[in-house]
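Here is the structure we will look at, set down as structure tokens.
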Amino acid sequence: MTNSAAGKSAEIYERAMAVLPGGVSRNTLLYDGPPLYADRGVGCRIIDIDGVERIDFSNNMASHIHGHAFAPIVQAVSDQMQRGSAFTMATEAEVRFAEHLCGRSSNFDKIRFVNSGTEAVMAGMKAARAFTGRAKIAKVEGSYHGAYDYAEVSQAPGPENWGEIDRPSAVPLAHGTPDGLVGDMVILPFNDPNTAIDILNQHKGEIAAVLVDPIPHRIGMIPVAADFVRALRDWATQDGALLFFDEVITFRTEVGGMQDRLDVRPDLTAMGKMIGGGFPVGALAGSESVMGVFSEGNQGIRLPLSGTFSANPVTMTAGYVAMSLFDERSVRELNALGDYARESLTQVIRTADFPACVAGTGSLFRIHMKTEPPRNYREAYATSLEKRRLNHLISYLYDNGFMMIHTGSAALSTAMGRQEIDRLCDTIHDGLLSIKSQAAN
Ligand code: PMP
């Protein structure tokens, strides 16, 4: 199996273990053994340090919308680099990119840039608190919103601590998380409006924001239901709380993100990943009044926010090029490729007669080792048999020229076409048969 890295990757990993805890800076790279080391990426392909080429369906966790080393971005960034990479001055590149993003959604009156999705969510929670004067944040059980203490609560609970289905417990992720912080998080079940409203009603007047990812990856990559969003929007409006969308991954789904498709107006939206054109980025956009917490108004600056590298011109330039070229037509074509992928995979699973299914929408999909797509986090929670099967499939793909996110998820890029999907499907078919033959032995 390729993941038990041989050759140069194994050598580098040995060095890495001496200087990096666990040998990595990103825990997500630790999957079933040492990570592989990338040498270079070209379009939809990535070549590792041992010269093995794979078609990349993970795209740095859904952040390269045009694949690797996309020529227009390389050119624009190289030009910018000749003129410097970051200054204690604003740049026009920031303003141009802000104009572009605000132009994509009527929900974005104003925008602030930061350096990661984590920071964008953090800034959004703080902005909601500054705006409402309330402490609590409601989020959906199992959803991932980055590495900020509050956002991490109930990111990965298990049957031993998740509590009753209609009253999910707030479960800290990291050892040492302060109890007080956990007590400020209210946990809702996904796509269950009645229970969610019941829970929210117990915290009337206390909640600053209700945070929702409209296609939560860890919950199974099932789109949020329109009635769930509507219930949360109405409740927040009545209670004086804010609706906060995390579109760090899902902004790719429509020109103005999933909120376009759902026809809902969140007060705040976090973005990240693909909007940076391959560079570290985060952004928080929202209504004039809520975003006013960052600027001098009649209440003064309620939330000072700075970051040394925030809105640096390299990221702003790369992001502008990436997003300008991800226009309405491009979004539509990539979503159609996603439809093709989900249909083809469903067919392949049927032909292989394997207990698996495909979830997702737009240019995202996820394979579950379950016969039916899960409806919430608890259903998405994989049994040990399902985990073993998925690990087998992901390793099989690695060994046969493909890279996918280790949860069985994929994020397409405009550098791909039907040919790559067809090849992936053939390999997944063989991978599923190989799991079956292993089980038979
Ligand atoms: N929100 C969501 C929905 C995400 O998927 C992620 C990253 N996987 C984040 C926030 C955090 O983004 P970053 O890794 O850039 O901090």
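In listed order, ligands and their atoms are each counted from 1. Residues: numbered from 1 along the sequence shown.
Residues lining ligand 1 at a heavy-atom distance below 4.0 Å are given as S116, G117, T118, Y144, H145, G146, D213, D246, V248, I249, K273, ordered by chain and residue number.
At distances below 3.5 Å, at least one donor-acceptor pair connects side-chain atoms of S154 with backbone N or O atoms of S169. No side-chain donor-acceptor contact under 3.5 Å links K110 to the backbone of S287. Although no hydrogens or angles enter the test, the distance criterion places no donor-acceptor pair under 3.5 Å between the side chain of R423 and the main chain of G401. A donor-acceptor pair under 3.5 Å is formed between the side chain of K139 and the backbone N or O of V153.
Under the 4.0 Å criterion applied to side-chain N and carboxylate O atoms, R261 and E254 are assigned as salt-bridge partners. A salt bridge links D239 with R134: the closest approach of a Lys/Arg side-chain nitrogen to an acidic carboxylate oxygen falls below 4.0 angstrom.
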